[in-house]
Trainee: 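Could you have a look at this structure, given as structure tokens, before my questions?
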There are 2 protein chains.
Amino acid sequence: MELPLAPSAAPERADAARNRERILCAAQRLWAERGVSCTSMDAIAAEAGVGKGTLFRRFGDRSSLALAVLDVRERALQDAVLTGPPPLGPGAPPVERLAAFGSAVLAFTAEQLDLVLEAEVHSGGRWMRSAPQAVRRLHLQVLVSAARPDCDVEYATDVLADALSAQLLAHQLREREMPLERLQAGYADLVERLLG
Amino acid sequence: MELPLAPSAAPERADAARNRERILCAAQRLWAERGVSCTSMDAIAAEAGVGKGTLFRRFGDRSSLALAVLDVRERALQDAVLTGPPPLGPGAPPVERLAAFGSAVLAFTAEQLDLVLEAEVHSGGRWMRSAPQAVRRLHLQVLVSAARPDCDVEYATDVLADALSAQLLAHQLREREMPLERLQAGYADLVERLLG
DNA sequence: ACGACAACCGGACCACGGTCCGCTTCAACC
DNA sequence: GGTTGAAGCGGACCGTGGTCCGGTTGTCGT
């Protein structure tokens, strides 16, 4: 979560770092134990032994905190995409990579649905601009462009990104009770139809 | 918003009906004047000359009120779909009807983006189950099924419905500054690719 | 006209997310 | 070690969405 956009960014003070870690741990623990929607920010601050102000200065708001908690796992996924074995990693044809990417993201999101929902939904469009989402989008766009440059690449990318949203996934998984495997297959089919 | 699910539902008391109307008007007026996100429920209750409790008992919560305000216009769209001229109404081949439907919904949503966002986003998945959304979904599903019964109809329906979501539209319109016409064309292309 | 009951009303009340500002603590430099 | 300036801290505070319950008002049967 440290964002040293410029290398000249001031280093973090020791107590600040310690508190950040404590908050992250507390959030992870409480959200896992009591559920995301049943855990207030006050409770997290208290669990971390920290004032409310500290929490909010560090993380801005609730959905950003969720994003920060997700960040570690997200990096693992990014690594697998950038340097892992095909078809998720480089080496396979674009359409196959897209299907594999969809599968991976769906699985990732399904594993921690509530958390991703928190980050994605209650953030007034900030989600789309968040770092991990931007990376995902870029990856999709590159592959779409490689598979079928003769179409509206941006629009196709939007559709493929949106089909992986936590909201849609939550609806499909919980309301319509569609199993994950079916959604993964459906996404693969969508990719094939759209770009194949 | 009266929901006489069973015809035997108790009739509405006169003052209750009057208050419901006043609230609906006040909400419409204030939201139009000051913007959706800048208008609190307190303000609406005050403008309507009604207690807060009345407002919330009638409409449950903020997003449901937004839904109620949208309801009138939604009906017009439904009529056009069910009894209007082709290609939006009956008579055209399914793929063309789907493209026309997408166009209409996108235009409808774009016209009142903030309101639809309010109804769609801040409602913990209740949006998907709302009456208008259910009708839209059913319509999509029938057409998809007619156009291409040999695929995962439910999944395709989900994708086509999701591609019309206000969140995606807001992102495309505001963040990426894609003009509405482009999105309508993109949707038509999506339909063609997916089902043609 | 009147009484009785249910539906309805309204605003006090609560919990929560988020802000603000006076005080504290760190760390860098003498 | 002492001084100093700034980064950091925490909890009082605010506005908002949403709930609750004692009092009121409409409606219906007589």
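Because the structure is a prediction, the values reported are computed rather than measured. A note on names: the letters A, B, ... follow the listed sequences, proteins ahead of strands, and every chain is numbered from 1.
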Trainee: Show every donor-acceptor pair shorter than 3.5 Å between a side-chain atom in residues 31-45 of chain B and any protein atom, with sequence neighbours excluded, or say none if there are none.
Mentor:
residue	atom	partner	partner atom	Å
B:T39	OG1	B:G35	O	2.8
B:S40	OG	B:A43	N	3.1
B:D42	OD1	B:K52	NZ	3.2

Trainee: Indicate yes or no: at least one non-hydrogen side-chain atom of A:R126 is less than 4.5 angstrom from one of A:L67.
Mentor: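 No, their side chains stay 4.5 Å or more apart.
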
Trainee: Any salt bridge (Lys or Arg N to Asp or Glu O under 4.0 Å) pairs touching residues 152-173 of chain A, not counting sequence neighbours?
Mentor: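 For residues 152-173 of chain A, and leaving out neighbouring residues, the salt bridge (Lys or Arg N to Asp or Glu O under 4.0 Å) pairs sorted by first residue read A:R137-A:D158, A:D152-B:R182, A:E154-B:R176, A:E154-B:R182.
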
Trainee: To the nearest angstrom, how far is A:R22 atom CZ from D:dC9 atom P?
Mentor: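 Going from CZ in A:R22 over to P in D:dC9 covers 10 Å.
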
Trainee: Quickly work out the A:R58 CZ to D:dA7 C1' distance and round it to whole Å.
Mentor: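 So the CZ-C1' distance, A:R58 to D:dA7, works out to 9 Å.
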
Trainee: Name all residues meeting the side-chain contact (heavy atoms from CB on, under 4.5 Å) criterion together with A:S103; count only those two or more places apart in sequence or in a different chain, and write none if there are none.
Mentor: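 So A:S103 forms a side-chain contact (heavy atoms from CB on, under 4.5 Å) with A:Q184.
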
Trainee: Between atom CZ in A:F56 and atom C1' in D:dC13, what is the gap in whole Å?
Mentor: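 Rounded to whole Å, this separation is 14 Å.
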
Trainee: What side-chain hydrogen bond (donor to acceptor under 3.5 Å, both in side chains) pairs are there with at least one residue in residues 89-99 of chain A, not counting sequence neighbours?
Mentor: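 Pairs touching residues 89-99 of chain A that pass the test: none.
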
Trainee: Please enumerate all residues that pass ring pair (Phe, Tyr, Trp, His ring centres under 6.0 Å) together with B:H171, with sequence neighbours excluded.
Mentor: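 Not a single residue meets the ring pair (Phe, Tyr, Trp, His ring centres under 6.0 Å) criterion with B:H171.
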
Trainee: Assess whether atom CZ of B:R73 is packed by more than 12 heavy atoms of other residues, nucleotides or ligands within 6.0 Å.
Mentor: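 12 or below, so no.
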
Trainee: Would you mind telling me which residue lines up with the more 5' stretch of DNA chain C, A:G60 or A:C38, judged by nearest nucleotide?
Mentor: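 Taking each residue's closest nucleotide, the earlier one in sequence belongs to A:C38.
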
Trainee: Counting heavy atoms from C-beta on, name the nucleotide in D:dC9, C:dG17, C:dC8 closest to the side chain of B:A16.
Mentor: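 Nucleotide nearest to B:A16's side chain: C:dC8.
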
Trainee: Under 4.0 Å from OP1 or OP2 of D:dG8: is there any side-chain N or O of A:T54 that close?
Mentor: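 No, A:T54 has no side-chain N/O under 4.0 Å of OP1/OP2 on D:dG8.
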
Trainee: Taking only the side-chain nitrogens and oxygens of B:N19, find out if one of them lies under 4.0 Å from OP1 or OP2 of C:dC9.
Mentor: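 Affirmative; the distance criterion is met.
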
Trainee: How does DNA chain D look in dot-bracket form if you count Watson-Crick and G-U pairs under 3.5 Å, write [ ] for pairs that cross, and put | where a base pairs with another strand?
Mentor: ||||||||||||||||||||||||||||||

Trainee: Whole-Å distance between C:dA12 P and B:R57 CZ?
Mentor: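 Rounding to the nearest Å, CZ of B:R57 and P of C:dA12 are 16 Å apart.
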
Trainee: Please tabulate, for the side chains in residues 77-89 of chain B, all donor-acceptor contacts under 3.5 angstrom to protein atoms that are two or more places apart in sequence or on a different chain.
Mentor:
residue	atom	partner	partner atom	Å
B:T83	OG1	B:D79	O	3.1

Trainee: Rounded to whole Å, how long is the line connecting atom CG of A:L55 with atom C1' of C:dC20?
Mentor: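 To the nearest whole Å, that distance equals 16 Å.
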
Trainee: I need a per-nucleotide contact map over nucleotides 23-30 of chain D, read 5' to 3'. Cutoff is protein heavy atoms under 4.0 Å; write B for the base, S for backbone only, - otherwise.
Mentor: --BSS---

Trainee: What ring-ring contact (aromatic ring centres under 6.0 Å, His included) pairs are there with at least one residue in residues 64-106 of chain B, not counting sequence neighbours?
Mentor: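 Those involving residues 64-106 of chain B are B:F101-B:H139.
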
Trainee: Quick one: list whatever passes side-chain contact (heavy atoms from CB on, under 4.5 Å) with B:R18, sequence neighbours left out.
Mentor: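 side-chain contact (heavy atoms from CB on, under 4.5 Å) list for B:R18, sorted by chain: B:D15, B:R22.
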
Trainee: Tell me: CG of A:D61 to C1' of C:dC16, nearest whole Å?
Mentor: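 So the CG-C1' distance, A:D61 to C:dC16, works out to 14 Å.
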
Trainee: Looking at side-chain heavy atoms only, is the closest gap between B:L195 and B:L143 below 4.5 Å?
Mentor: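 Side-chain contact under 4.5 Å: no.
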
Trainee: Excluding sequence neighbours, so at least two apart, what forms side-chain contact (heavy atoms from CB on, under 4.5 Å) with B:A161?
Mentor: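 B:A161 satisfies side-chain contact (heavy atoms from CB on, under 4.5 Å) with B:L140 only.
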
Trainee: Calculate the interatomic distance between A:E118 atom CD and C:dC16 atom C1'; express it in whole Å.
Mentor: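 Between C1' of C:dC16 and CD of A:E118: 12 Å.
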
Trainee: Near DNA chain D, counting only heavy atoms under 4.0 Å, which residues of residues 40-51 of chain A show up?
Mentor: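 A:V50, A:G51 - these, ordered by number, are the residues of the stretch whose heavy atoms sit under 4.0 Å from the strand.
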
Trainee: Side chain of B:K52, heavy atoms from C-beta onward: which of C:dG17, D:dG18, D:dC9 has the nearest atom to it?
Mentor: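 Selected nucleotide: D:dG18.
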
